[in-house]
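Following: one structure in structure tokens, then a few remarks.
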Amino acid sequence: MKLNNRFIFGLLSILLAAAIAFVALPTIARQTNGKTEIVRITKPVLKGEQLSADNTETVEVGSYNLPPNIAHTFDDVKGLYATADLSQGDYILTSKISTVPVSSDVALNNIPSGKAAISLTVKTLASGLSDKLQPGDIIRIYHFLDAAEEVPELRFVRVLSVTDAKGVNVDNAKEPVEDEEKQQSATITVLASPEQARVITSLENDGVAHVALISRGNEKLAEELLTEQEAILQEIYFPEPSEEETEDMAEEGEAEGSETGNAEENGEESASAEENETTNETGNSSKNGSENNPDNKT
């Protein structure tokens, strides 16, 4: 019995070794030694720069453990734009390229339909919240000419970016490192509706605009505030008619309907009268003709 067990174990070991030698090892070898073509960066490419034959090349590399979203042919990247800085020798992933030009301001690449990005000047340190604003903040804009006034159209506005006098983005979220001069805010770019944009343009050329921080880091509250602002704009520029106005409009519609009905009735009566006159004239003509013509007498 012991001999039979040893024989069976030995036979199974031989079969397992054969399977490993003739099936598993060749499969692993094919995977590790397999080759495929990929697109590689030949010189540094900055974010927003277009990919071309001048800064890319197609090379053959081992296919083992390559990312599934890697670009394999030049046609996969031709004319596209880098969404991140790429260094020489980097493989190109589809997540790092875009079909549309990418600016340094990511927020400006996705302006919602019906909205616009518009900037206002920071005329004093205090009016720009002492260089503390950050993208995504919800602010309220006040206007000062002869006196400080709240602007209903600009109670809640989202900040897209803050820039210095050269148009370079200012990152107020971090402190400057040693010996680095802090950038001073010169303009604030916000997301606005056409109505808000007109008001901001007016403020820009008349008096001084001051901003106050209302919300930061609370997206739920931000959406609630922006929804409230939309309701304010709707009430100012597109108010719904009151009950009295609705009733007046309904009465005017009824009056117009009555006038139209009367006109139609008068038209029908006139037509009937004309038909009767025509019939009478035809009958009289026939009668006179019969009397004047003796051949018609029986």
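The shortest distance between side-chain heavy atoms of Arg155 and Ile232 falls below 4.5 Å. For the pair Gln196/Gln229, a side-chain contact is recorded, criterion being any heavy-atom separation below 4.5 Å from C-beta on. Leu226 is listed as a side-chain neighbour of Arg158, based on a closest heavy-atom distance under 4.5 Å. Contact annotation: the side chain of Gln184 approaches that of Leu125 to within less than 4.5 Å [non-hydrogen atoms, C-beta and beyond]. Taking the side chain as every heavy atom from C-beta outward, Val190 and Ile118 approach each other to under 4.5 Å. Counting heavy atoms from C-beta on, the side chains of Leu51 and Ile41 come closer than 4.5 Å. Taking the side chain as every heavy atom from C-beta outward, Leu160 and Ile111 approach each other to under 4.5 Å. With a 4.5 Å cut-off on side-chain heavy atoms, Val39 and His72 do not count as touching.
Among the candidates Thr187, Leu133, Ile188, Asp164, the single residue satisfying the side chain to side chain contact (heavy atoms under 4.5 Å, CB included) test with Val170 is Asp164. Residue Lys47 forms a side chain to side chain contact (heavy atoms under 4.5 Å, CB included) with just one option from Thr83, Leu86, Asp85, and that option is Asp85.
A continuous path of hydrophobic side-chain contacts links Val199 to Ile139 [ILVMFWY only; heavy atoms under 4.5 Å]. Hydrophobic clustering, with ILVMFWY side chains joined whenever heavy atoms are under 4.5 angstrom apart, keeps Phe144 apart from Tyr142. Two different hydrophobic clusters hold Ile38 and Leu80 under the rule that ILVMFWY side chains link at heavy-atom gaps under 4.5 Å. When hydrophobic clusters are built by joining Ile, Leu, Val, Met, Phe, Trp and Tyr residues whose side-chain heavy atoms come closer than 4.5 Å, directly or via intermediates, Val122 is grouped together with Val162. Note: the hydrophobic cluster containing Val208 does not contain Ile141 (ILVMFWY, side chain heavy atoms under 4.5 Å, direct or indirect links).
The nearest pair of heavy atoms linking Ala192 to Ala197 is CB-N, 4.1 Å.
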| said: One pair to check against side-chain contact (heavy atoms from CB on, under 4.5 Å): Ser215 and Leu225. What are the steps and the verdict? | reply: CA-CA 9 Å; Ser215 173; Leu225 296 176; 4.1 Å; yes
| Given Ile70 and Thr36, is the side-chain contact (heavy atoms from CB on, under 4.5 Å) satisfied, shown in steps? | CA-CA 11 Å; Ile70 196 169; Thr36 187; over 6 Å; no
| field | Stepwise side-chain contact (heavy atoms from CB on, under 4.5 Å) check, Leu154 with Leu203 | value | CA-CA 11 Å; Leu154 305 175; Leu203 300 187; 3.7 Å; yes
| request: Begin with the C-alpha distance, continue with both residues' side-chain angles, and end with the deciding distance and a verdict on side-chain contact (heavy atoms from CB on, under 4.5 Å) for Tyr91 and Leu66. | output: CA-CA 10 Å; Tyr91 297 167; Leu66 285 177; 4.0 Å; yes
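In this view, Asp171 satisfies the side chain to side chain donor-acceptor pair (under 3.5 Å) rule with no residue, not counting sequence neighbours. By the side chain to side chain donor-acceptor pair (under 3.5 Å) test, Glu57 is found to be paired with Arg40, residues two or more places apart in sequence or in another chain being considered. Not a single side chain to side chain donor-acceptor pair (under 3.5 Å) links Lys78 to another residue, sequence neighbours left out. With sequence neighbours left out, the salt bridge (charged side-chain N to carboxylate O under 4.0 Å, His left out) criterion links Glu37 to no other residue. For Thr94, there are no side chain to side chain donor-acceptor pair (under 3.5 Å) partners at least two apart in sequence or on another chain.
Listed by first then second residue, pairs satisfying salt bridge (charged side-chain N to carboxylate O under 4.0 Å, His left out) with a partner in residues 116-145 read Asp137-Arg216, not counting sequence neighbours.
In terms of modelled atom types and a separation under 3.5 Å, the side chain of Ser87 and the main chain of Asp90 share no donor-acceptor contact.
Under 3.5 Å, the side chains of Thr73 and Asp76 contain a donor-acceptor pair of N or O atoms. With no hydrogens or angles considered, a side-chain donor-acceptor pair links Thr121 and Glu204 at under 3.5 Å.
Under a 4.0 Å N-O distance rule, the pair Glu49/Lys96 does not qualify as a salt bridge. Of the charged side-chain nitrogens involved, none lies within less than 4.0 Å of a carboxylate oxygen, so that Lys115 and Glu195 do not count as a salt-bridged pair.
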